[in-house]
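Have a look at the structure below, then the notes.
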Amino acid sequence: MQQPYFRFEIIHQSKRSKARVGRIHTPHGVIDTPCFVGVGTNGSLKAIDNLDPCMEDLSLMFCNTYHMMVQPGTALVKEFGGLHTFINRKGPLITDSGGFQVFSLAYGGVANEIKSRGVKKNDGCVLKITEEGVTFRSYRDGQKIFLSPETSVQAQKDLAADIIIPLDELPPFHIKARSLLEALHRTHRWEERSLRYHLAQPQQQAMYAVIHGGIDPELRAFSCRTLTQQPFDGFAIGGSLGRNTAEMIQTVTDTVPHLPDPFPRHLLGIADLPSLAACIPLGIDSFDSAYPTRAARHGTLFTDQGNLKIEQGRYRNQAGPIEPGCPCSTCTQYHVSYLHHLFKAREPIILTLLSRHNVVYMTRYMKRMREAICADTC
C-alpha cells in the first residue's frame, strides 16, 4: 500500500518495450522517471556545489550512509535537522545502508576479483560478520563500528532522507553457491528486520528492498518472491550483477519480470550510457552512479557524438562549446580551448567546469528518454 507522503504513478507505458515514464512523489518534491541519480558520497557531488544551477534538474541525489557515519557522524547531521538542511538541498534524497562500502572493504570490487586482486575477508577493515550485523574499522581513525539492520536504519533516520535502503550483505562475485545462498538468506532476514524497525517510526520516509541472488536467475526470482511479500515502497536491484555489461543486462532482464509494476525500480550503482540504453527498455526507473563526475575528473566529457577527451592536443585551439546546444554554463561561457588549457594546467576549477557539463548531459539524456518513451519510440 502506498503512503500519502510517498507514491509512484506510471504516466505512460511504452508500446514498444517495458519502459515507462513515471513520477515518484516525495515530501521534498517529485522525481520524474526514468532518471539519473547523482551520487554525493559525502553530501556533495564531487567538485559541484549543491546550489550550482546544474543541480536544479537533478531530481534525486544519493548520499552514502557509511561515509556520513564516519565523518561527520549522523547524530551531528540530525542536530542540523537532517541532510536536506545540512547540505542545503531542497530536492529529494536517497541514502544507502552503508553495507556496500563495508563489504567492498572486505572483498574489493568485481574488477579486482576478475584480476585476482580481491581483498580477503577480515583483512583488518571488516572484523566480523554475524547474524546480528557486521563489525568493521573506520577508514578514518581505525575505531570499531558495529552496523546492524537497526543501527543502519537509525543512522538513515538521523539523516532523514526521503528514500532509505535496508542493510544487505554483498558477497563477492567469485563465491561458492552454498555461501551465496547463505548470504542471500541472511540478507532477507536483515532486510525484514530493517523494515520492522523502519515501520515503527516511518518519519515520512520510504524504504526500498534490495534484490540479491548474484547472476543466478532462480535466486533472483526467489529474492523477488521473498521481498515482495513485505510492505516495501520500492525495489532496488543490487548485489553482484556479473563480470561485464552483458551479464548485468541479462541479470536485470531475468529479475524485472518478478517485480510488481506499481512500484518504482532502482538499479544500484550503474548509470553509464550503454547500461541506461539497455535497461530503461527493461522497465528500470532510476539509476545511480558517480561515473559522470568521475569521468569528468579524468577529462572525459559526454556528447551525442561520443566521449570527448579534453586533454588531447586536437582541442588546444578549438573554439566553441563542448557540445553545441548544451545549456550548461560551461558550454555557454567557455571555449573548449580554454578548458583544455585549464585541464593541462591542473587548475582546480576545471573539475567543476567539466563535472557540471557531464551532470547536465545526464539529466538532458534522461529527459530525452522520457520523451522517447511517451512517443513509443523506446
Side-chain angles (χ1 to χ4, degrees), residues 35-64 67-68 71-72 83 86-91 93 101 109 111 139-140 245 269-277 287-369:
C35 71
F36 164 69
V37 183
V39 175
T41 300
N42 290 295
S44 172
L45 272 66
K46 289 289 190 295
I48 297 180
D49 175 8
N50 287 324
L51 297 181
D52 190 292
C54 77
M55 298 292 289
E56 293 178 2
D57 293 326
L58 191 71
S59 59
L60 184 59
M61 178 176 165
F62 202 113
C63 296
N64 296 117
H67 293 286
M68 299 303 291
Q71 169 66 36
L83 267 178
F86 188 65
I87 70 174
N88 201 3
R89 174 173 167 83
K90 295 181 180 179
L93 291 169
Q101 286 77 23
Y139 68 84
R140 185 175 179 84
T245 300
I270 295 174
D272 59 282
L273 294 172
S275 296
L276 293 178
F287 306 77
D288 76 270
S289 176
Y291 176 67
T293 49
R294 183 169 62 248
R297 295 195 299 277
H298 288 86
T300 298
L301 300 169
F302 304 156
T303 78
D304 288 343
Q305 289 71 46
N307 289 345
L308 181 155
K309 305 285 189 178
I310 196 65
E311 68 178 345
Q312 293 180 350
R314 71 178 77 176
Y315 301 115
R316 182 175 182 272
N317 300 313
Q318 181 168 317
I322 298 166
E323 182 162 51
C326 176
C328 81
S329 56
T330 300
C331 282
T332 58
Q333 298 181 45
Y334 300 106
H335 290 294
V336 168
S337 177
Y338 178 56
L339 301 176
H340 170 83
H341 156 66
L342 291 178
F343 190 83
K344 298 292 283 188
R346 298 185 179 181
E347 286 291 338
I349 191 61
I350 192 62
L351 304 180
T352 297
L353 297 175
L354 302 188
S355 297
R356 178 185 293 152
H357 169 80
N358 278 359
V359 170
V360 170
Y361 183 90
M362 295 300 292
T363 56
R364 293 177 69 218
Y365 176 87
M366 298 306 270
K367 182 179 179 180
R368 295 201 302 268
M369 292 301 291

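Here, residue 1 is the first one in the sequence, and each next residue gets the next number.
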* What distance do Asn88 atom CG and Ser44 atom OG have between them, rounded to the nearest 0.5 Å? -> 11.5 Å
* To do: Count the heavy atoms belonging to other residues, nucleotides or ligands that lie under 6.0 Å from NE2 of His335, then report whether that count exceeds 12.
  => no
* Structure fact -> Closest non-hydrogen contact found for Cys54 with Val360 is CB-CG2, 3.5 Å
* To do: Identify the two heavy atoms, one from Leu93 and one from Arg89, that lie closest to each other, and give their separation to 0.1 Å.
  => CD2-CD, 3.5 Å
* Does the pair Ser275 and Asp272 meet the rule for a side-chain hydrogen bond (donor to acceptor under 3.5 Å, both in side chains), with working shown? -> CA-CA 5 Å; Ser275 296; Asp272 59 282; 2.7 Å; yes
* Is the closest side-chain heavy-atom distance between Asp57 and Val359 below 4.5 Å? -> no
* **Check: His298 side chain, Arg294 main-chain N or O, donor-acceptor pair, under 3.5 Å** => yes
* Structure fact -> For Met68 and Gly43, the nearest pair of non-hydrogen atoms, with its separation, is SD-N, 4.2 Å
* Does any N or O in the side chain of Asp288 come within less than 3.5 Å of the main-chain N or O of Met61, such that one atom is a donor and the other an acceptor? -> no
* Exercise: identify the closest heavy-atom pair between Gly299 and Leu354 -> CA-CD1, 4.2 Å
* Structure fact -> Rounded to the nearest 0.5 Å, the CG atom of Leu351 sits from the CD1 atom of Ile349 at a distance of 8.5 Å
* Non-hydrogen side-chain atoms of Met362 and Leu273 separated by less than 4.5 Å -> yes
* To do: Could you grab the distance from atom CD1 of Ile322 to atom CG of Leu308, nearest 0.5 Å is fine?
  => 7.0 Å
* Dump the intermediate steps for side-chain hydrogen bond (donor to acceptor under 3.5 Å, both in side chains) on Lys46 and Ser355, then the final yes or no. => CA-CA 8 Å; Lys46 289 289 190 295; Ser355 297; over 6 Å; no
* Structure fact -> Closest non-hydrogen contact found for Cys63 with Ile87 is SG-CD1, 4.4 Å
Enumerate donor-acceptor pairs with a distance under 3.5 Å from any side-chain N or O in residues 337-344 to protein atoms, sequence neighbours excluded.
{"residue": "Ser337", "atom": "OG", "partner": "Arg316", "partner atom": "O", "Å": "2.4"}
{"residue": "His340", "atom": "ND1", "partner": "Ile310", "partner atom": "O", "Å": "2.8"}
{"residue": "His340", "atom": "ND1", "partner": "Gln312", "partner atom": "O", "Å": "3.4"}

* Report yes if the side chains of Phe36 and Ser59 come closer than 4.5 Å at any heavy-atom pair, otherwise no. => no
* Given the rule in the side-chain hydrogen bond (donor to acceptor under 3.5 Å, both in side chains) test, do Asn64 and Thr41 qualify, once you have shown the distances and angles that lead to the verdict? -> CA-CA 5 Å; Asn64 296 117; Thr41 300; 3.2 Å; yes
* To do: Please work out whether the ring planes of Tyr365 and Tyr361 are parallel, tilted or perpendicular, with thresholds of 30° and 60°.
  => parallel
* To do: Answer yes or no: is there a side-chain heavy-atom contact under 4.5 Å between Lys309 and Leu301?
  => no
* Asked: Side chains of Ile48 and Met55: closer than 4.5 Å at any heavy-atom pair?
  -> yes
* Asked: Atom OG in Ser329, atom CG in Asp52: separation rounded to 0.5 Å?
  -> 6.0 Å
* **Polar side-chain atom of Thr352 near backbone of Arg356 as donor-acceptor pair, under 3.5 Å** => no
* Asked: Which heavy-atom pair separates Arg364 from Cys326 by the least distance, and what is that distance?
  -> NH1-CA, 3.7 Å
* Leu353 backbone acceptor or donor facing Thr330 side chain under 3.5 Å -> yes
* Can you check whether Phe287 reaches Val37 side chain to side chain, under 4.5 Å on heavy atoms? -> no
* Heavy-atom check, side chain of Asp304 versus side chain of Glu323, under 4.5 Å -> yes
* **Test item: Thr300 side-chain N/O and Ala296 main-chain N/O as donor-acceptor pair under 3.5 Å** => no
* Asked: Ignoring hydrogens and geometry, is there a side-chain-to-backbone donor-acceptor pair from Asn358 to Phe302 under 3.5 Å?
  -> yes
